[in-house]
Number of protein chains: 2
Amino acid sequence: MKNEGSPMSKSKQPTIIDVASAAGVSIATVSNVINRRKVPMAPETIRKVEEAVVTLGYRRNVMATNLSRRRSYELGLIIPHFGGYYGRFAEKLEQRVHHFGYHLSVFSAAGMDPEIEQRHLEHLLQRRVDGLVSHGLAMSMQSTQQLVGEGTPLVIFNGWGWPSEIVKLAVNLDFAKASSQAVQHFLANGCRSVVYAGRRMGMGANEQRIQGFETGLAEHGEPVVHALLDAGELGVVGTLDEALRLSGDLRPIGIYTFNDALSLELLAVCHERGIRVPEDVQLIGMDNEFFARASFPSITSFEMPVDLQTSLVAAFLMREIGEELDEENTQLLEMYLPHVAGHELFIDLEMIERKSTGN
Amino acid sequence: MKNEGSPMSKSKQPTIIDVASAAGVSIATVSNVINRRKVPMAPETIRKVEEAVVTLGYRRNVMATNLSRRRSYELGLIIPHFGGYYGRFAEKLEQRVHHFGYHLSVFSAAGMDPEIEQRHLEHLLQRRVDGLVSHGLAMSMQSTQQLVGEGTPLVIFNGWGWPSEIVKLAVNLDFAKASSQAVQHFLANGCRSVVYAGRRMGMGANEQRIQGFETGLAEHGEPVVHALLDAGELGVVGTLDEALRLSGDLRPIGIYTFNDALSLELLAVCHERGIRVPEDVQLIGMDNEFFARASFPSITSFEMPVDLQTSLVAAFLMREIGEELDEENTQLLEMYLPHVAGHELFIDLEMIERKSTGN
DNA sequence: CTGTTAGCGCATTCAC
DNA sequence: GTGAATGCGCTAACAG
């Protein structure tokens, strides 16, 4: 066919065809220099192409690239929201996968909304991402299975009870162990009554905390006054009231909360009531947020090992995709994978002792 | 055990050709029903296609779709980090543009790192997003211009001094006015000395606060002991020390901080030193973060009008892209656009009075 | 109403 | 070393 010199004025964004004709070479050559292929090329050719790229302001079209490569070099991440731990997780994971030449698209499910979550998942899949990472999803497992199918490897973090047909690996923080540790810290500190103040009863992360809370009590041996409270239901004030009521005049009371935010709110109520922390009430939170350190008194909390968690997620996913791992990442997987119970891997949390428990 | 290329199994993902042959129709027909086109079609045909789609587990390939459409129906957002205000902004904007049938890809620049920022921008452009939204970027204007060029409309939020050749519109929060208001609130509350404690001196958002701070002082008429401090340089403790030193025994001292986080940190130091808030020191923050409400005493702050800001950004960008606006959005633009000074639009912040200023 | 065909921008064999 | 040719999966006229 007679394909006259395609008018560059046609579409404003230049293509490799424009670059090729500007440099006086073929599009294959342009592709080769752009992708820094190992094929031998004349230095002069390279120079001409690079010059044309700059002067034309050429920018490759990744849609075309991916379509042709049948691979996107993109990963998707779904988190409940951008704040706190999840935001830090996203940022760190982005860095990690970039190291392997992948991009990470992050989507927030706007507070565990299953519909939004599903929409994002679907979109990521339509974009043919090479791999998926998600928090323990709110949506039903069945719909997820159908969504993900066999095509795209899915790694979960902080999700419990997912069948291995759906999820390749779950990289979980060991909230149960941490919770047990919290209880024992209270008891070692002289608390004569301990309370767990949770949120969203029924969610996996909450269940893990409850389980650990009870383990901690059991290991103590002697019976202790204790309770499980739902701050979502009772409200912050109601939770404190209930804790006080249940404890009678046993002091101090140890209150272990679902997260730092709840601890901070309880702390504010204690201040208002003239309840002393840590003399009357001791607090332990979770997440080690900025304000746990900056509050008065500062709040004992658990540091989230985002570095390790994202490292494991990234390394495993990369291997799953067929990417070559360096020595460090290989060792990392060898070190942790054997410890996997089923396909769930557990990472320890570190307690940061602060004033709210008298330290 | 050599891993078989999981990504290769994706080649088994069905295409419209598979669907077409399974349903016994042509690919054009499949395309028509998938996209719910207005062309008349036999109900039976639709049913057959939809059935084939389900049984085959067909999922459209958006890369191919976009390539063909020469349009991505995607927007990009770049923010310095996922936390707090920026995270809320991202979530809200995502909702807004979804309403118009667009997806929003959010990227965090990991704390104003110009290199990462530029990388994300470049990637978004390579993906041929239809529009871009960014905070006042850390990178140089020149490189941005080259990056964005004439192709993709760019809307900035909270960025000052960007030439209109680069930026179509800047939707800014009026930090200057808010800062002026903060100072006047201190003075009306009896503060005999006022201090601005900033961070990252030199950044636009900080400059705006300083400007407003000085305006507020000027409008007061009578001279007041005051100072501009850089908490990034002095540290939190150093900042408080300096404020106390400069104020002699003038009390109370009003300290207006760059954000709530800094207020909270100052509050903690006050507690340690036995300095009373608000009797000796009054505090006003910015962002109205969760902990501003939950701290003790609670901290007066400015609420960020994320709803309005994202509405304006979305409406303007949609119109710029050539999308049809509904009545509501049209009115919104008509209401605010005339007030634009140059191409910078200002939105008022609302002060939330709390205990840290004696309310 | 439904099928045919020509791109979209790029990667990737193979010949030259 | 370099360049035509083919295909990736889908959309969009244009025929029939």
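Letters A, B, ... mirror the listed sequences (proteins, then strands); counts begin at 1. Everything numeric in this text was worked out from a predicted model, so none of it was measured.
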**Student:** Whole-Å distance between D:dG7 P and A:Arg71 CZ?
**Tutor:** 23 Å

**Student:** Contact class for A:Val39 vs. all strands (heavy atom < 4.0 Å): base, sugar-phosphate, or nothing?
**Tutor:**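 The answer is nothing, as A:Val39 stays clear of every strand by at least 4.0 Å.
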
**Student:** Side chain of A:Leu67 only, please: which of C:dC1, D:dG9, D:dT2 is the nearest?
**Tutor:**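 Closest nucleotide among those given: D:dG9.
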
**Student:** Whole angstrom is fine here: how far is it from CZ in B:Arg70 over to C1' in D:dG9?
**Tutor:** 17 Å

**Student:** Would A:Arg47 and A:Glu51 pass as an ion pair if we require N to O under 4.0 Å?
**Tutor:**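 Between A:Glu51 and A:Arg47 there is a salt bridge, with a charged N closer than 4.0 Å to a carboxylate O.
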
**Student:** Would you please classify the geometry between the B:Phe157 ring and the B:His135 ring as parallel, tilted or perpendicular, with 30° and 60° separating the classes?
**Tutor:** perpendicular

**Student:** Between atom CD in B:Gln13 and atom P in D:dC10, what is the gap in whole Å?
**Tutor:** 10 Å

**Student:** Check the distance between D:dA12's P and B:Asn66's CG and give it to me in whole angstrom.
**Tutor:**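 Checked: the CG to P distance equals 11 Å.
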
**Student:** Counting N and O atoms only, with roles assigned by atom type, does the side chain of A:Asp326 sit under 3.5 Å from a partner on the main chain of A:Glu328, one being a donor and the other an acceptor?
**Tutor:** yes

**Student:** If a protein heavy atom is under 4.0 Å from the base, mark B; if only from the sugar-phosphate, S; if neither, -; do that for nucleotides 10-16 of chain C going 5' to 3'.
**Tutor:** BBB----

**Student:** With a 4.0 Å cutoff (strictly under), does any side-chain N or O of A:Thr45 reach OP1 or OP2 of D:dG1?
**Tutor:** no

**Student:** Is B:Glu344 reaching over with its side chain to a backbone N or O of B:Gly161, donor-acceptor style, under 3.5 angstrom?
**Tutor:**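 It does hold such a pair.
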
**Student:** Under the side chain to side chain contact (heavy atoms under 4.5 Å, CB included) rule, what do B:Asn35 and B:Arg60 come out as? Steps first, then yes or no, please.
**Tutor:** CA-CA 10 Å; B:Asn35 294 295; B:Arg60 118 211 273 153; 2.5 Å; yes

**Student:** Is the terminal nitrogen or CZ of A:Arg96 (NZ for Lys, CZ for Arg) located under 6.0 angstrom from the six-membered ring centre of A:Phe100 and within 45° of that ring's axis?
**Tutor:**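 Relative to the ring axis of A:Phe100, which defines the angle, A:Arg96 lies outside at least one limit.
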
**Student:** Which whole-number value in Å describes the distance from A:Arg127 CZ to D:dC8 P?
**Tutor:** 23 Å

**Student:** At how many degrees, to 10°, do the end axes of the helix from C:dC1-D:dG16 to C:dC16-D:dG1 meet when each uses five pairs?
**Tutor:** 40°

**Student:** Does a nitrogen or oxygen in the side chain of A:Ser26 sit under 4.0 Å from OP1 or OP2 of D:dT2?
**Tutor:**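 Answer no for this pair, as no side-chain N or O of A:Ser26 is under 4.0 Å from OP1 or OP2.
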
**Student:** Check the angle between the aromatic planes of A:His123 and B:His103 and answer parallel, tilted or perpendicular using the 30° and 60° thresholds.
**Tutor:**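 It falls in the parallel class, under 30°.
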
**Student:** Which residue is it: A:Thr65, A:Asp130, A:Asn66? I am looking for the one with a side-chain contact (heavy atoms from CB on, under 4.5 Å) to A:Arg71.
**Tutor:**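 So the option named by the test is A:Asp130.
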
**Student:** Quick one: A:Gln126 CD to D:dT11 P, roughly how many Å, whole number?
**Tutor:** 10 Å

**Student:** For residues B:Ala23 and B:Ala52, report the shortest heavy-atom separation together with the two atoms involved.
**Tutor:** CB-CB, 4.0 Å

